[in-house]
There are 2 protein chains.
Amino acid sequence: MVATIRDVAEKAEVSIATVSRVVNQNPAVSDATRQKVLDAISVLNYTPSQIARRLSLGRTQTVAVVLPSFFTRPSYVERLRGIQDVLTKSEYDLVIHTVDSPVQIEGYFTTLSHPSRVDGVLFISLPPTKEYVEQYLPTGAPAVLVDGNHEQFSRVMIDDRHGGRLVTEHLVKLGHRRIAFLSDFLNTPYYISMQLRFEGYREVLKTAGIPFRPEYHVEGAHARLEARELARQLLSLDDPPTAIFAASDTQAIGVLDAARSMGMRLPEDLSLVGFDNIRDAEYLNLTTVHQPLYESGVQGAQILLSMMKNPAKPIQVVTQELSLIIRSTTGPVPETGVSS
Amino acid sequence: MVATIRDVAEKAEVSIATVSRVVNQNPAVSDATRQKVLDAISVLNYTPSQIARRLSLGRTQTVAVVLPSFFTRPSYVERLRGIQDVLTKSEYDLVIHTVDSPVQIEGYFTTLSHPSRVDGVLFISLPPTKEYVEQYLPTGAPAVLVDGNHEQFSRVMIDDRHGGRLVTEHLVKLGHRRIAFLSDFLNTPYYISMQLRFEGYREVLKTAGIPFRPEYHVEGAHARLEARELARQLLSLDDPPTAIFAASDTQAIGVLDAARSMGMRLPEDLSLVGFDNIRDAEYLNLTTVHQPLYESGVQGAQILLSMMKNPAKPIQVVTQELSLIIRSTTGPVPETGVSS
DNA sequence: CTGAAAGCGCTAACAA
DNA sequence: TTGTTAGCGCTTTCAG
């Protein structure tokens, strides 16, 4: 029913090899024959079968991106968009796979990245398993980590610990000493980045001679609602923090709402810093750390493209710049604060 | 370098047909041989080539979803997630294509949906072009419209006009007569849905004997920031509306901010209704119309799956239920309002 | 500049 | 229950 290369060859009265040549822009075809072929193609409304082409070429012309199933989050969407934008311009198809449990990760890391399925893989915010590293990385399709950090992978990453320091230093400089840290659960396989931010936070406290107070560290699911509750909890302490460092903007927004519902004004009564600089952060005038989300996708995809073109290429590591964006949710520590 | 079916056959000392049988769970294989093959497979770490399989089967085992390039919006992401969730459980790969200009749509509708590339196509919020309908729909891969409405397509849709009525009736019932409508630009190829909501709005006004006031209809880009400006404009009129119907929750949130920044309280000073019931709407306690976004993806994908299984299947149309979710941003018209 | 033919890795009759 | 074989639609030597 659908025209094949053979139909075109027949109609143009040439061989299928010639048709293949004109389709692939091979210059070794006379203008006359080329025209005949082109005509036949348009008459028959012919499109080459990608599948056949791929089998013949021995490549799938497809790259997979694997990411946690809550790709609903703004940060994943942004990264995905970056990837999508560069892949669209290439000859590669993009297929998306989501994983939601650590056990599933295992499976995906192995079967998915098998050369029979894809020519390359992008992992977003997912740490590779040891099995994958040992068994598939050496022989399998090239892989790159976006928002991940593993010596044996090409990757684009940020210095999360540094980010944690940036935020905390800013707050300390403003005179805050009661600084809380609100984040995801730190003990999940996904969020090593959060742990690093936490470490940066603690480092700066230490340097500033501020003792770490466990009650100032709260964890919960990565969502506004949960963050709001955690913030209420924090702000209801006998000796509440004067500043909150939320490990993501999404969570910072929850804090914002909690503060607002408790009648507090920012930055007069409370200072707040987020992380990521998602759209809403700008909109809400939230002080935050900017990390290039969209660009991380773009760069990851570009690195992958280059690795697929030249498999001998050495590991490439891109560390993206972080910058503190000071907006209106941070200010000097309130005068009225009871000094601890 | 990678094991093929032939390697397995050799190692197991059987024919490739037998290997193919065990791989495809064909019961006509003795347990003994099956075991031999299975062993060989695991020793060689064999995975069948999907490409070869597809070529042989004459199917691509791939479905494409085509959507506007701003898939960054919560509503698209939700729909996409629904599609992804059902496809993950099937044997189909999902490839994503975005289009950003009407001219690109044209191209995608034709080349993309060509049978050589995909077995099925899902279009999200994209109206099919006449060319596509005439040339490709009859012979090409089955297609379904998610959030679209066209007689010749299977589709899952909502009654947007009805949604517009629901909102407006609610407002009218509360006593409002100065009701504004804030939306995307109505004259783009994408948002027919917005136009229908607008029509629903006007119908109810008419029924209620409320003349339509052009200055109460404002349009702008689909974003919080733009909506905030539009709302300010609306609220600064000499005779400002007492209620605003925002055609999407995202825009409603912009209105919320505008009102708040002008010192207005909701619903005392202003009533506000959104549309979609995205996560944030619940979080912000926004009165809105719930439309099953995630489910639209699920259903669209299921319909497509059934069409691919049985191409003779007639067109399936699912109209999803809409429901008005009354939360805290709507209330009776303020007493102090100057009656018009 | 053009054509013949082998082969990419698999599936599915058809035979045995 | 198993093997043989003919494709699927294309790319790519190798000859001419």
Side-chain angles (χ1 to χ4, degrees), chain A residues 1-41 44-62 91 93 111 114-119 141, chain B residues 1-41 44-62 91 93 111 114-119 141:
Chain A
M1 41 174 290
V2 172
T4 75
I5 198 172
R6 223 173 303 274
D7 302 326
V8 177
E10 207 164 300
K11 167 141 245 154
E13 299 177 302
V14 298
S15 72
I16 62 168
T18 299
V19 176
S20 176
R21 289 193 187 96
V22 348
V23 166
N24 293 296
Q25 327 255 29
N26 185 325
V29 181
S30 75
D31 287 350
T33 26
R34 176 186 314 282
Q35 198 49 56
K36 273 197 301 184
V37 173
L38 255 20
D39 289 346
I41 286 179
L44 296 176
N45 212 298
Y46 167 75
T47 321
S49 157
Q50 293 303 318
I51 299 286
R53 176 149 208 276
R54 289 165 185 188
L55 177 58
S56 188
L57 289 172
R59 305 186 238 116
T60 63
Q61 306 275 77
T62 295
E91 53 180 352
D93 270 354
T111 66
H114 195 286
S116 82
R117 292 187 63 86
V118 294
D119 294 339
Chain B
M1 39 175 289
V2 173
T4 74
I5 197 173
R6 223 172 303 273
D7 301 325
V8 176
E10 206 165 301
K11 167 140 244 152
E13 299 177 305
V14 297
S15 73
I16 62 168
T18 300
V19 177
S20 177
R21 289 193 186 96
V22 350
V23 166
N24 293 297
Q25 326 257 29
N26 185 324
V29 181
S30 75
D31 286 350
T33 28
R34 176 186 315 283
Q35 198 49 56
K36 274 197 301 184
V37 172
L38 254 20
D39 289 346
I41 285 179
L44 297 176
N45 212 299
Y46 166 74
T47 320
S49 158
Q50 293 304 316
I51 299 286
R53 178 150 206 277
R54 290 165 184 189
L55 178 57
S56 187
L57 290 172
R59 307 186 236 115
T60 63
Q61 306 274 82
T62 296
E91 54 180 353
D93 270 354
T111 67
H114 195 285
S116 82
R117 293 188 60 87
V118 293
D119 293 339

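Every value quoted in this text rests on a predicted model; they were computed, and no experiment measured them. Proteins come first, then strands; the chains are lettered A, B, ... in the order of their sequence lines, and each starts at number 1.
- Spacing between atom CG of A/Asp7 and atom P of D/dG9 amounts to 9 Å, rounded to whole angstrom units.
- Side chain of B/Ser15, nearest nucleotide from D/dG3, D/dT11, D/dT1: D/dG3.
- Side-chain atoms of B/Asp39 do not come within 3.5 Å of backbone N or O of B/Lys36 as any donor-acceptor pair.
- Among the protein residues, B/Val23 comes within range of no part of the nucleic acid, since none of its heavy atoms lies under 4.0 Å from any strand.
- Residue-to-nucleotide proximity on DNA chain D shows that, of B/Glu13 and A/Ala52, the 5′-proximal contact is made by B/Glu13.
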| request: List the steps and the verdict of side-chain contact (heavy atoms from CB on, under 4.5 Å) for B/Asp31 and B/Gln35. | output: CA-CA 6 Å; B/Asp31 286 350; B/Gln35 198 49 56; over 6 Å; no

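- Residues from residues 29-40 of chain A with heavy atoms under 4.0 angstrom of DNA chain D: there are none.
- Residue B/Thr18 comes nearest to B/Val29 through the heavy atom pair CG2-CG1, 4.4 Å, listed as atom of the first residue, atom of the second, then distance.
- Taking side-chain N and O atoms only, A/Ser20 has a distance below 4.0 Å to OP1 or OP2 of D/dT11.
- Summarising the geometry, the separation between CZ on B/Arg21 and P on D/dT2 is reported as 8 Å, rounded to the nearest angstrom.
- The interatomic distance linking B/Ile5 (CD1) with D/dT5 (P) rounds to 16 Å, in whole Å.
- Contact annotation for B/Arg54: no contact, since no heavy-atom pair falls under 4.0 Å across all strands.
- When heavy atoms are screened at a 4.0 angstrom cut-off, B/Leu55 is found touching base atoms of the nucleic acid.
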| said: Run the side-chain contact (heavy atoms from CB on, under 4.5 Å) test on A/Ile41 and A/Val23 for me, step by step, so that the C-alpha distance in whole Å, both residues' side-chain angles and the decisive distance to 0.1 Å come before the verdict. | reply: CA-CA 9 Å; A/Ile41 286 179; A/Val23 166; 4.0 Å; yes

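- Counting any heavy atom pair closer than 4.0 Å across all strands shown, A/Arg6 reaches a base atom.
- Across the interface with DNA chain D, nearest-nucleotide mapping of B/Ile16 and B/Leu57 shows B/Ile16 to be the residue nearer the 5′ end.
- Taking atom CG on A/Asn26 and atom P on D/dT13, their separation rounds to 11 Å, with Å as the unit.
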| message | Quick one, B/Asp93 with B/Gln50, criterion side-chain contact (heavy atoms from CB on, under 4.5 Å). Give me CA distance, side-chain angles, the key distance, then yes/no. | response | CA-CA 11 Å; B/Asp93 270 354; B/Gln50 293 304 316; over 6 Å; no

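- Remark: side-chain polar atoms of A/Thr60 are paired, donor with acceptor, to backbone N or O of A/Asp119 under 3.5 angstrom.
- Of all nucleotides in DNA chain C, those with any atom nearer than 4.0 Å to a heavy atom of chain A start and finish, going 5' to 3', at C/dC1 to C/dG9.
- Residues B/Ala40 and B/Ala12 share a closest heavy-atom pair of CB-CB, 3.9 Å.
- Side chain of A/Asn24 to backbone of A/Asn26: no donor-acceptor contact under 3.5 angstrom is found.
- Closest of all the heavy-atom pairs between B/Ile5 and B/Ile16 is CD1-O, 3.5 Å.
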